[in-house]
Amino acid sequence: MEIDVAKRLQHTEEYYFSKKLREIDEMNKNGAQVINLGIGSPDLPPHPEVIKTLQEQAALPNTHGYQNYKGIPVLRQAMADWYDRYYGVKLNPNTEILPLIGSKEGIVHICMTYLQEGDEALVPNPGYPAYASAVRISGATIKTYDLSPDLNWLPDLEALEAQDLSNVKLMWINYPNMPTGALANQHFFERIIAFGKKHQILICHDNPYSFILNDSPQSIMAVPGAMDVAIELNSLSKSSNMAGWRIGMLVANEKRIAEILRFKSNMDSGTFFPIQMAAAKALNLDKSWYTQLNEEYKNRRVKVFELMDLLNCQYDVNQVGLFVWAKVPNTYADCYELADDILYKANVFITPGGIFGTAGERYIRISLCAQTAVYEMAINRIKKAIQK
């Protein structure tokens with residue numbers, strides 16, 4: 001018996017990494033020992049005090065039940081304090097913060113709460129594939145906007161205003177940007193908030209990379225009036241090395257928190273209490289945690305730059321975040337040809353930029369989530385492959 005998948009999934013492809021990792025797994029079974037420099041899953045552990053908190057709380061007999069959909073007060077207060085301390089944004093922990101099981105689920109929650117058939121959503125090209133997937137699953141129509149190095153990978157708002165925006169209900173932005181590593185500034189955030197108000201478009205800012213190799217973390221919510229027209233997602237995955245713990249947050253005004261909670265509360269039953277307590281501990285660490293983390297990433301980035309030079313790729317040394325984004329030389333037809341060439345000849349996996357949209361087809365992305373010795377090994381393998 002054959003049953004068709006729902007229409008919402010008929011044009012939703014399996015995540016690229018899911019398919020590629022299966023291929024790499026098969027290569028490894030045949031002895032390849034592929035070095036994976038593709039996925040941004042932090043390889044470093046959280047702070048020891050964070051792990052200790054988890055262990056202590058998990059050992060208690062009364063911490064294992066269902067949790068409140070809005071998260072525990074201790075965690076919401078820690079999130080509010082963190083926003084105040086690092087972004088200069090004052091939030092009401094009871095009404096303007098919604099803890100999430102990772103910020104990726106927040107992307108779906110927002111789209112499912114506000115979008116339906118007939119609506120349009122602005123999605124960046126290149127951009128995180130989850131934005132387009134979530135819009136598609138909601139039944140709405142994706143309306144892409146191109147990013148380019150000419151504008152430092154910022155949206156061309158004048159070009160957008162020349163288009164018909166009457167059906168556009170929300171817009172996804174992401175700075176520090178993934179995959180390009182570009183930063184936005186206060187002036188841009190002010191302009192995008194004004195743009196959202198003028199066109200009645202909900203501005204959704206995905207902000208998980210603001211502490212990685214970035215001396216001045218920023219939140220769009222620091223812009224006066226942002227709470228009227230913006231939602232921000234944030235995460236402990238990158239900044240606290242807690243990717244597998246699935247802890248994120250959504251910041252918005254009280255009305256939007258309540259609206260999104262109407263959807264979210266039908267999807268899960270809250271986060272494990274010990275994880276919430278450990279996340280609160282992580283958010284209360286002092287600045288030295290981020291300084292130490294970024295020293296390690298700086299050392300790794302030097303090696304990734306060396307690898308990019310070996311491949312004759314061009315990159316911006318001022319980019320930030322957990323990856324290095326670089327332009328592919330003209331000797332390759334596109335990013336996929338280079339990525340496959342390196343995978344099959346050197347057993348090194350690099351992410352082709354085209355998976356983030358057509359505007360990324362001349363680019364590749366390398367993750368900083370490997371030890372320096374691993375980059376050295378990758379460099380040596382590629383050197384040998386080039387010499388053959």
Q: Salt bridge check, Asp81 against Arg85: does any charged N sit closer than 4.0 Å to a carboxylate O?
A: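 The answer is no: the pair does not qualify as a salt bridge.
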
Q: Would you please name every residue forming a ring pair (Phe, Tyr, Trp, His ring centres under 6.0 Å) with Phe195, sequence neighbours left out?
A: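 Testing Phe195 for ring pair (Phe, Tyr, Trp, His ring centres under 6.0 Å), a comparison that skips the adjacent residues, returns His199.
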
Q: For Gln314, I'd like to know if atom CD has over 12 heavy atoms of other residues, nucleotides or ligands within 6.0 Å.
A: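 Not more than 12 within 6.0 Å, no.
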
Q: Can you tell me if Asn347 uses its side chain to pair, donor with acceptor, with the backbone of Ala32 under 3.5 Å?
A: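 Between the backbone of Ala32 and the side chain of Asn347 there is a qualifying donor-acceptor contact (under 3.5 Å).
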
Q: Donor-acceptor pair, Asn152 side chain versus Leu154 backbone, under 3.5 Å?
A: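 Side chain of Asn152 to backbone of Leu154, a donor-acceptor pair under 3.5 Å: no, none is there.
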
Q: With sequence neighbours left out, what residues match Phe349 under ring pair (Phe, Tyr, Trp, His ring centres under 6.0 Å)?
A: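 Once residues adjacent in sequence are excluded, Phe349 has no partner under the ring pair (Phe, Tyr, Trp, His ring centres under 6.0 Å) criterion.
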
Q: Taking Asn241 for its side chain and Ser237 for its backbone only, find out whether a donor-acceptor pair lies under 3.5 Å.
A: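 Pair absent, no side-chain N/O of Asn241 close to backbone of Ser237.
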
Q: I'd like to know whether Asp119 forms a side-chain hydrogen bond (donor to acceptor under 3.5 Å, both in side chains) with Thr141, so could you lay out the CA-CA distance, the side-chain angles of the two residues, the decisive distance to 0.1 Å, and finally the verdict.
A: CA-CA 6 Å; Asp119 294 331; Thr141 301; over 6 Å; no

Q: Please determine if Lys255 and Glu259 form a salt bridge, counting it only when a charged side-chain N lies under 4.0 Å from a carboxylate O.
A: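 Salt bridge: yes.
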
Q: Do Met178 and Phe323 come close enough that some side-chain heavy atom pair is under 4.5 Å?
A: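 In short, these two side chains touch, coming nearer than 4.5 Å.
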
Q: Count the heavy atoms of every other residue, nucleotide or ligand shown that sit under 6.0 Å from CD of Gln292, and state whether that count exceeds 12.
A: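 It does not: Gln292 CD has 12 such atoms or fewer within range.
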
Q: Any chance you could measure Gln276, atom CD, to Leu75, atom CG, to the nearest 0.5 Å?
A: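 Going from CD on Gln276 over to CG on Leu75, the span is 5.5 Å.
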
Q: State whether Arg300 and Glu296 are salt-bridged, where the test is any N-O pair (Lys NZ or Arg NE/NH1/NH2 against Asp/Glu carboxylate O) under 4.0 Å.
A: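 Yes, Arg300 and Glu296 are salt-bridged.
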
Q: Any ring pair (Phe, Tyr, Trp, His ring centres under 6.0 Å) involving residues 216-254? Give me the pairs, sequence neighbours left out, ordered by first then second residue.
A: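 Qualifying pairs, neighbours excluded: none.
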
Q: Quick check on Glu56: does its CD atom have over 12 non-hydrogen neighbours (other residues, nucleotides or ligands) under 6.0 Å away?
A: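 Yes, enclosed.
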
